[in-house]
Amino acid sequence: MDKLDKSIIDLMRGEKKFDGNIVSALSVSESANALVRVHNPLHLSMLERRFDVTAEYPFIRSVRIKCTLKDAIRLERMQEVEYVSAQSKVFTLQENAKDGMRPAQTFELPTDLDGSGVTMCVMDTGVMPHTDLSLPRERIVHFVDMINGESEPYDDNGHGTFVAGVACGNGTLSGGKISGVAPKANIVGLKVIGESGESGTFKILDGMQWLFDNFRQYGIRVVCMSFGAEPLDYADPLKMGAEMLSRSGLIVVAASGNSGENALKSPAVSNEVISVGAVDEKNKIAPFTSRGVYQGAIRPDVFADGVDVRGIAAGGTYSLMSGTSASAPYVAGACCLLCQKYRNITPRQAKNAIVGSCANVDGNRIFRL
């Protein structure tokens, strides 16, 4: 890098328009994948004409571009551009795995329903057609693979299958001993995380954009996000994406993270999702649970079982998992029950019903059915 380029990089570091990660990436590489957000959606077509656009996310007024230093200089000068950020790493929120507020209208949490007629989307590592999801009838009604482009349901990690089981497993393989909260709900599997359990912001946004465009077609009411990334102070893409899904009518449930105190993950930092932390069977907060204050609000919203939870494994058997990844689908399953009883319930009303049904244990909201 010559002196001129270094001077430009130093100048960019002082610009509020640029996420520090994109500046750092351009200081060591000729180009970097960048998310560009504009003030007005009408400006998106202008970016498409002027830059190397590799993906479009109109639901959050953004595009992904292959950004060079020259591009960054142009973006800095464009009043239409609100923010430019780099891709963040996204991880499943599994601590370990072992085999073997009230609304004007009161919505009571139903416990005598089974999720019939409700569809939940599992954004994760995929979903395998496990006995507890596919017999006596196939309840994986659609599958989308943003990682490898496959058309048939699969899960090369196992995390997503476990999540689906906690929410919607029917216990067929175990004779009813191990079952989920909404055992007759349907599932749309949306694979946005690879075999390693790791992904990136852009893959998650690919999935969110698909969901935004198609959730009505497939009758999806609830989406479970048992993953997380480090939140950005401004224009956090995962937070914005989750909020747009919620504002469109989807009930979004997100795991708070597994990094302990003052280490909340996105998108669970949003006030428009139901953020879920983990407790053990004695209602003690699991030490790994991400919790704290984000922009003046205490998170997570509720705590649910997340220590040594038994659920289905991608190999066709059962396994144990600890992590907020196991807690979030428990609440997501309960949201399916709410949707079964109250067909027109809104995301805000669902959140109020979940929070309002919690027990107060040492000042923490503990959710149990």
Side-chain angles (χ1 to χ4, degrees), residues 93 95 101-113 115 163 166-167 180-182 222 224-226 228 231 239 242-243 246 251-311 321-342 345-369:
L93 297 175
E95 184 67 10
M101 319 151 267
R102 299 183 181 273
Q105 180 181 358
T106 300
F107 291 84
E108 296 179 357
L109 190 72
T111 56
D112 58 343
L113 300 178
V163 167
V166 172
V181 178
V222 181
C224 186
M225 301 181 181
S226 285
K239 177 176 177 287
E243 289 174 348
S246 176
I251 300 169
V252 182
V253 182
S256 70
N258 295 341
S259 300
E261 289 190 73
N262 301 315
L264 290 161
K265 297 295 182 280
S266 184
V269 293
S270 172
N271 184 51
E272 298 185 40
V273 311
I274 305 174
S275 57
V276 188
V279 292
D280 62 19
E281 60 182 7
K282 296 181 179 180
N283 291 332
K284 297 296 183 182
I285 295 177
F288 56 76
T289 295
S290 294
R291 57 203 186 276
V293 178
Y294 179 81
Q295 295 183 348
I298 298 174
R299 296 282 183 275
D301 298 305
V302 300
F303 295 86
D305 279 337
V307 177
D308 289 337
V309 175
R310 185 168 293 280
M321 180 189 292
S322 293
T324 56
S325 275
S327 307
Y330 185 85
V331 174
C335 289
C336 290
L337 303 184
L338 281 168
C339 290
Q340 182 182 3
K341 184 172 183 178
Y342 305 105
I345 193 168
T346 68
R348 174 57 62 182
Q349 290 167 337
K351 180 172 182 174
N352 289 340
I354 293 294
V355 171
S357 66
C358 289
N360 187 321
V361 181
D362 298 327
N364 301 307
R365 300 189 189 105
I366 309 300
F367 179 80
R368 293 186 184 279
L369 288 171

Where is the tightest heavy-atom contact between [X] and [Y], given as atom of each residue plus distance?
X      : Y      : answer
Ala182 : Leu337 : CB-CD2, 4.0 Å
Ala254 : Ala328 : C-CB, 4.2 Å
Ala334 : Leu109 : O-CD1, 4.2 Å
Cys335 : Ile274 : SG-CD1, 3.8 Å
Val273 : Pro267 : CG2-O, 3.7 Å
Ala353 : Phe107 : CB-O, 3.4 Å

Indicate yes or no: at least one non-hydrogen side-chain atom of [X] is less than 4.5 angstrom from one of [Y].
X      : Y      : result
Val361 : Phe303 : no
Val302 : Ile366 : no
Gln340 : Pro110 : no
Phe367 : Ser357 : yes
Cys339 : Tyr342 : no
Val163 : Met225 : no
Pro347 : Val252 : no

Check this for me: does any side-chain nitrogen of one of Asp301 and Arg365 sit under 4.0 Å from a carboxylate oxygen of the other? no
Donor on one side chain, acceptor on other, Asn283 and Arg368, under 3.5 Å: yes
Arg299 and Asn271: side-chain donor and acceptor closer than 3.5 Å? yes
To the nearest 0.5 Å, what is the distance between [atom1] ([X]) and [atom2] ([Y])?
X      : Y      : atom1 : atom2 : answer
Glu243 : Ser270 : CD    : OG    : 3.5 Å
Asn262 : Arg291 : CG    : CZ    : 8.5 Å
Lys239 : Glu272 : NZ    : CD    : 7.5 Å

Backbone N or O of [Y] within a donor-acceptor pair of the [X] side chain at under 3.5 Å?
X      : Y      : answer
Thr324 : Gly277 : no
Ser275 : Ser256 : no
Ser226 : Ser325 : yes
Tyr294 : Pro300 : no
Thr289 : Ile285 : no
Ser327 : Val276 : no
Ser259 : Ser290 : no

Arg348 and Asn352: CA distance, side-chain angles, deciding distance, side-chain contact (heavy atoms from CB on, under 4.5 Å) verdict: CA-CA 6 Å; Arg348 174 57 62 182; Asn352 289 340; 3.9 Å; yes
More than 12 non-hydrogen atoms from neighbouring residues, nucleotides or ligands closer than 6.0 Å to [atom1] on [X], yes or no?
X      : atom1 : value
Lys341 : NZ    : yes
Ile298 : CD1   : no
Asn360 : CG    : yes

Intermediate values then yes/no, side-chain contact (heavy atoms from CB on, under 4.5 Å), Ile354 and Leu338: CA-CA 9 Å; Ile354 293 294; Leu338 281 168; 4.0 Å; yes
Can you list the steps and then say if Thr346 with Gln349 is a side chain to side chain donor-acceptor pair (under 3.5 Å)? CA-CA 5 Å; Thr346 68; Gln349 290 167 337; 3.2 Å; yes
